[in-house]
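Start at 1 with the first residue, then count along the sequence. Both counts, for ligands and for their atoms, begin at 1 and track the order of listing. Just so we're clear, the structure is a prediction, and the values are computed from it rather than from any experiment.
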Amino acid sequence: MLSKRLSGLKESATLKMGLIAKELQEEGKEVLNFSLGEPDFKTPEHICEAAKHALDLGYTHYVSSAGIEELREEIAEKIREENKVDASVENVIVTPGAKQAIYELMMSVLDDGDEVILLDPTWVTFESAVKIAGGVPKWVKRVENSVNYESLESATSGNTKLVVINSPNNPAGYVLSEKELKEIAEFAVEHDLLVLSDEIYEKIIYGKRQVSIASFDAMRERTVIINGFSKTYAMTGWRIGYAVAPSEIAKGMLKIQQHSVTCASSISQFAALTALRSSQGCVKEMVEEFKRRRDVIVNQLNEIGLRCLNPEGAFYAFVNTSNHGNDVEFTERLLKEAYIVVTPGSAFGLAGKNYVRFSFAASIEDILEGMKRIEGILLK
Ligand SMILES: Cc1ncc(COP(=O)(O)O)c(C=O)c1O
């Protein structure tokens with residue numbers, strides 16, 4: 001009964017781990033969940049107030065499919081000022097979550113059999129979105145190594161259409177260096193490719209400078225920036241993301257949006273507008289807390305002999321499990337013996353085998369308790 005399109009799709013491993021954690025909790029186990037892909041902070045109060053205000057004013061109907069004008073203008077201004085990318089309202093489309101923007105892009109630019117370069121490991125949705133749109137994923141390893149022109153070229157054929165990058169990165173926590181970005185840009189220009197640059201973790205960064213590949217020469221017309229409010233403002237449930245795309249692509253994406261979801265929630269869009277227009281102090285506070293947690297988890301992991309890449313951005317520690325079996329064995333052991341939930345790295349691609357992803361969107365107490373439990377089982 002089901003379409004062929006669905007046959008290559010895996011269940012989302014990150015959502016699955018969350019469900020297992022919930023089941024164990026319901027059985028009364030003291031579960032520590034390090035699999036979450038969302039900030040554990042409350043959405044800042046002034047943003048919630050803006051949503052209440054929008055409700056009171058009766059903004060409860062359909063809005064323009066591409067998003068409310070004020071929000072699109074504000075996003076275009078942010079992109080110009082912060083990301084140094086020339087953008088105007090017609091380049092911006094506000095979507096129900098960044099995820100929807102990714103699907104709309106894939107549906108707009110891929111034909112059956114078009115190939116898409118993904119850096120391995122990568123956030124689970126990219127591969128699925130490519131496949132749903134009829135595309136074929138091609139993997140280039142980027143874990144502890146860096147990516148360069150040659151490695152990209154080795155995955156390229158006459159059918160290559162798009163390169164997907166995500167920096168700061170989920171799951172590996174790296175931030176692509178300017179040198180890497182330059183090589184990716186050079187490669188895209190040389191091979192006349194599009195680039196999807198997922199910058200959703202841009203603010204959650206620990207010291208390095210965030211650079212958008214779209215700001216490089218000749219890249220604006222071939223780059224689609226994907227971003228959103230879920231991570232920066234702890235607004236995952238509000239479902240507001242956006243794409244900034246060359247006009248022709250933005251128009252294509254809009255058609256998909258018009259015929260699928262119509263528009264993103266009106267109330268959430270007013271909340272997002274307030275998020276952008278108000279003080280960014282709340283973001284600074286959340287990032288400072290993430291940094292404290294990052295320092296604690298990296299320090300603790302090293303102390304118990306688990307090697308972890310130092311996360312430069314996002315809120316994930318990618319931990320090498322080679323000395324303790326592969327990622328799936330290690331994940332199961334943590335779950336059964338310590339009631340600790342993490343995500344096996346192979347969920348994010350072959351290069352993730354022998355790694356597990358710890359999300360540190362968890363309190364410092366939970367991190368410390370978790371590390372104590374892990375040390376306990378490793379010493380057994
Ligand atoms: C790299 C990346 N992009 C996009 C998203 C989804 O964002 P949204 O909640 O806006 O759909 C996530 C969520 O985990 C992510 O990790």
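Near S230, meaning under 4.0 Å from one of its heavy atoms, ligand 1 places the atoms 8 (P), 9 (O), 10 (O). Each of the atoms 1 (C) of ligand 1 lies under 4.0 Å from some heavy atom of N166. In summary, the atoms of ligand 1 found under 4.0 Å from a heavy atom of K99, numbered by their order in the structure, are 11 (O). Those atoms of ligand 1 that come under 4.0 Å of a heavy atom in Y201, given as number and element, are 1 (C), 14 (O), 15 (C), 16 (O).
Only the side chain of K231 comes within 4.0 Å of ligand 1, counting heavy atoms alone; its backbone N, CA, C and O stay farther away. When heavy-atom distances to ligand 1 are checked against a 4.0 Å cut-off, A98 comes that close through both its backbone and its side chain. Of all the heavy atoms of R239, the ones lying under 4.0 Å from any atom of ligand 1 belong exclusively to the side chain.
Using a 30° and 60° split on the angle between ring planes, Y59 and F270 fall in the parallel class, below 30°. Classification of the Y201-F315 ring pair by plane angle, with boundaries at 30° and 60°, yields perpendicular. Note: F360 and F290 have perpendicular aromatic rings, judged against thresholds of 30 and 60 degrees for the angle between ring planes. The aromatic rings of F187 and H191 lie tilted to each other, with the angle between the two planes from 30° to 60°.
Taking the ring axis of Y174 as reference, the NZ or CZ atom of R142 stays within 45° of it and closer than 6.0 Å to the ring centre.
Residue contact check for ligand 1: F229 places no non-hydrogen atom closer than 4.0 Å to it. Residue contacts with ligand 1 include G97, since one of its heavy atoms falls under 4.0 Å from the ligand.
Annotation for K161: atom NZ counts as buried by contact number, over 12 foreign heavy atoms lying within 6.0 Å.
Of the protein's non-hydrogen atoms, the one nearest atom 7 (O) of ligand 1 is I200 CD1, 3.3 Å. Looking only at protein heavy atoms, the nearest one to atom 12 (C) of ligand 1 is W123 CZ2, 3.4 Å.
Partner S212 forms a side chain to side chain donor-acceptor pair (under 3.5 Å) with one of E82, E199, E202 and no other, that one being E199.
Within the set V124, T122, I102, D198, the minimum heavy-atom distance to atom 1 (C) of ligand 1 is found for D198.
For the pair R333 and E329, the salt-bridge criterion is not met [side-chain N within less than 4.0 Å of a carboxylate O].
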